[in-house]
Structures are given as structure tokens and as C-alpha cells.
Amino acid sequence: QVNLVESGGGSVQAGGSLRLSCAASGYFASIECLGWFRQAPGREREGVASVYTRVGSTMYADSVKGRFFISRDNDNNALFLQMDDLKPEDTAMYYCAASADATCVYYNGALATDRYSNWGQGTQVTVSS
């Protein structure tokens, strides 16, 4: 079991940057797959980025490739999401999540939301045009 708490959200203008943090407690070092998700009002939760620690691989949704960067700090039990060149369509509640699987699972190239069993409470990101 791992507990996750996000921070770093806020309001920015288009083109700006934010860095989201996810502080973890519990068996963080044993978690192989971590992800960032987002949910805008009236829309389904979608995967944004994931990191598979064992091989150091990352995966990004097409909508954020080249703008968002996920990283993990095991020494400090933390997960980060650097978001650059933000766009109004990035406005959403952002969540970090941990999977109990030994590897990251994807459905048709997208993060498998139902494979993530531990979730933070979310941090709001608002991007104005």
C-alpha cells in the first residue's frame, strides 16, 4: 500500500509551465509503475504519462508529447510531472497513481486506468488563453 499526495497545481496562462509533485509514503520503492492522469469536467479520466522503473521507460499521451516530462525520485519518495507550453485544453484535475502490476499496462497505447490501485486526491491545473 502506498499513499500519494499531489501538489503544484495552479492557474497559468497559455504557454506557461507548472511542475506537479506527488509525495508518497509506504512501499513506494517497490512500485514498478507510476502514472499521472487528468480529468476535466464532463470527461473521462485519461492517462497523461507513466514511468516503468525497472527499465527506465516512460510513455506519454499524444496530446502532451514533447511538452510534459515525468520523473521519479526514489530517494525522496516522489513523482514529478514537468508541464511546459501549457494549453487551455490541459485544464483538468491531475492525479498521480500507482499500479500494483509488475509492469505498466496499456490498452491500445493508452494507460490502463483500471490497473492503478492507489490514487492521490488530485491537484487542479487551470490554463487560460
Side-chain angles (χ1 to χ4, degrees):
Q1 183 75 14
V2 61
N3 296 314
L4 305 170
V5 179
E6 303 93 336
S7 62
S11 297
V12 296
Q13 290 190 328
S17 298
L18 284 173
R19 179 177 170 87
L20 303 184
S21 299
C22 177
S25 60
Y27 297 101
F28 182 75
S30 66
I31 301 296
E32 292 291 348
C33 182
L34 293 161
W36 284 98
F37 295 78
R38 66 186 181 186
Q39 188 166 20
R43 302 189 66 176
E44 291 188 355
R45 188 170 297 187
E46 64 171 345
V48 174
S50 65
V51 56
Y52 177 36
T53 302
R54 184 166 298 187
V55 298
S57 64
T58 56
M59 177 273 183
Y60 298 92
D62 288 343
S63 58
V64 306
K65 279 181 182 176
R67 301 187 298 119
F68 289 14
F69 302 93
I70 188 172
S71 61
R72 174 176 181 164
D73 182 351
N74 277 348
D75 291 339
N76 293 291
N77 284 3
L79 181 72
F80 303 98
L81 185 69
Q82 177 66 41
M83 306 186 296
D84 298 325
D85 190 22
L86 282 160
K87 303 177 180 182
E89 51 264 41
D90 295 319
T91 295
M93 185 71 80
Y94 283 72
Y95 303 87
C96 65
S99 170
D101 292 331
T103 185
C104 291
V105 177
Y106 304 98
Y107 299 146
N108 295 320
L111 276 70
T113 305
D114 62 352
R115 303 303 303 177
Y116 290 77
S117 53
N118 294 91
W119 294 82
Q121 84 291 345
T123 185
Q124 177 68 37
V125 171
T126 303
V127 185
S128 59
S129 58

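Between Val105 and Tyr52 there is no side-chain heavy-atom pair separated by less than 4.5 Å. Side-chain contact between Thr103 and Glu32 is absent, with no heavy atoms from C-beta onward closer than 4.5 Å. When side chains are defined from C-beta on, Leu79 counts as touching Val51, because their heavy atoms get closer than 4.5 Å. Side-chain contact between Thr113 and Tyr107 is absent, with no heavy atoms from C-beta onward closer than 4.5 Å. Contact check for Leu111 versus Met59: side-chain heavy atoms found under the 4.5 Å cut-off. With a 4.5 Å cut-off on side-chain heavy atoms, Gln124 and Thr91 count as touching. Counting only heavy atoms from C-beta outward, the side chains of Trp36 and Met83 never approach each other to under 4.5 Å. Here the side chains of Val2 and Tyr27 are not in contact, with every heavy-atom distance at 4.5 Å or above.
Following chains of ILVMFWY side-chain contacts shorter than 4.5 Å, one cannot reach Phe80 starting from Leu34, and the two form parts of different hydrophobic clusters. With hydrophobic clusters built from ILVMFWY side chains whose heavy atoms lie under 4.5 angstrom apart, Val12 shares a cluster with Val64. Grouping the Ile, Leu, Val, Met, Phe, Trp and Tyr side chains by contacts below 4.5 angstrom, directly or via other members, places Leu18 apart from Met93.
Listed for the Ser99 side chain is a donor-acceptor partner under 3.5 Å among the backbone atoms of Arg115. With hydrogens and angles disregarded, a donor-acceptor distance shorter than 3.5 Å links the side chain of Glu6 to the backbone of Cys96.
The two atoms that bring Ala40 and Ala92 nearest to each other are N-CB, 3.8 Å, heavy atoms only. The nearest pair of heavy atoms linking Ala61 to Gly47 is CB-O, 3.5 Å. Across Ala49 and Leu81, no two heavy atoms sit closer than the pair CB-CD1, 4.2 Å. Among all heavy-atom pairs drawn from Val48 and Phe68, the shortest one is CG1-CD2, 3.5 Å. Taking each heavy atom of Gly9 and Leu20 in turn, the nearest pair found is N-CD2, 3.6 Å. Taking both residues in full, the closest heavy atoms of Ala14 and Ser129 are given as CB-CA, 4.3 Å, listed atom of the first, atom of the second, then distance.
Ring-centre distance between Phe37 and Tyr116: below the 6.0 Å cut-off.
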Practice item. Decide yes or no on side-chain contact (heavy atoms from CB on, under 4.5 Å) for Asn74 and Arg72, but give the supporting numbers first. Key: CA-CA 6 Å; Asn74 277 348; Arg72 174 176 181 164; 2.6 Å; yes
Exercise for review: For Phe28 and Asn3, run side-chain contact (heavy atoms from CB on, under 4.5 Å): C-alpha distance rounded to whole Å, both residues' side-chain angles, the deciding distance at 0.1 Å, then the answer.
Suggested key: CA-CA 8 Å; Phe28 182 75; Asn3 296 314; over 6 Å; no
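Ring geometry for Tyr95 against Trp119 counts as perpendicular: the plane angle is over 60°, on a 0 to 90° scale with 30° as the lower cut.
Exactly one residue among Asp90, Asp62, Asp84 makes a salt bridge (charged side-chain N to carboxylate O under 4.0 Å, His left out) with Arg67. That residue is Asp90.
To the nearest 0.5 Å, atom CD of residue Glu44 and atom CD of residue Gln39 are 8.5 Å apart.
Screening residues 23-52 for disulfide bond (SG atoms under 2.5 Å apart) gives Cys33-Cys104 as the qualifying pairs, with residues at least two apart or on separate chains.
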